[in-house]
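Notes for the one structure printed next.
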Amino acid sequence: MQSVWVRYFSFTGDVDEFEVDAYLNGLITLTPLDRDLVSLAVNELIAERLPPTAPYSNDSEDPDESDTLVALDVLDDRENGNEDGGGPGASGNT
């Protein structure tokens, strides 16, 4: 919760951590701007924790197939119960 609030506050959010917590738990509502800033904060924090993603065709002039394969390896490992995502370069027991 504190990470969400700190990120939200860094985007010029002006409600306190208690209010952000209450909003995320459905107890209060915030202004549309504050709701958007909380969403931005949460989405950025989620994005920082996600594994590599598969590129779209418009992401690059020269798509790298290996990026897609790494993302597919991560998904496959997660489906098989390996929480760290596995795949190339992942740490874990081998």
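None of the values given here were measured: they were computed from a predicted structure.
- By the side chain to side chain donor-acceptor pair (under 3.5 Å) test, D21 pairs with N25, sequence neighbours left out.
- The environment of CZ in F18 is sparse: at most 12 heavy-atom neighbours from other residues, nucleotides or ligands sit within 6.0 Å.
- Partners of F9 under the ring pair (Phe, Tyr, Trp, His ring centres under 6.0 Å) rule, at least two apart in sequence or in another chain, are W5.
- Considering CD1 of I28 and CD of E19, their distance stands at 5.0 Å, rounded to 0.5 Å.
- In this structure, the side chain to side chain donor-acceptor pair (under 3.5 Å) partners of T31, at least two apart in sequence or on a different chain, are D34.
- Partners of V6 by side chain to side chain contact (heavy atoms under 4.5 Å, CB included), not counting sequence neighbours, listed by chain and number: Q2.
- L45 CG to Y8 OH: the interatomic distance, rounded to the nearest 0.5 Å, is 14.5 Å.
- Here salt bridge (charged side-chain N to carboxylate O under 4.0 Å, His left out) pairs that include residues 6-18, with residues two or more places apart or in two chains, are R7-E44, R7-E48.
- If you take CG on L30 and OH on Y23, they are separated by 6.0 Å, rounding to the nearest 0.5 Å.
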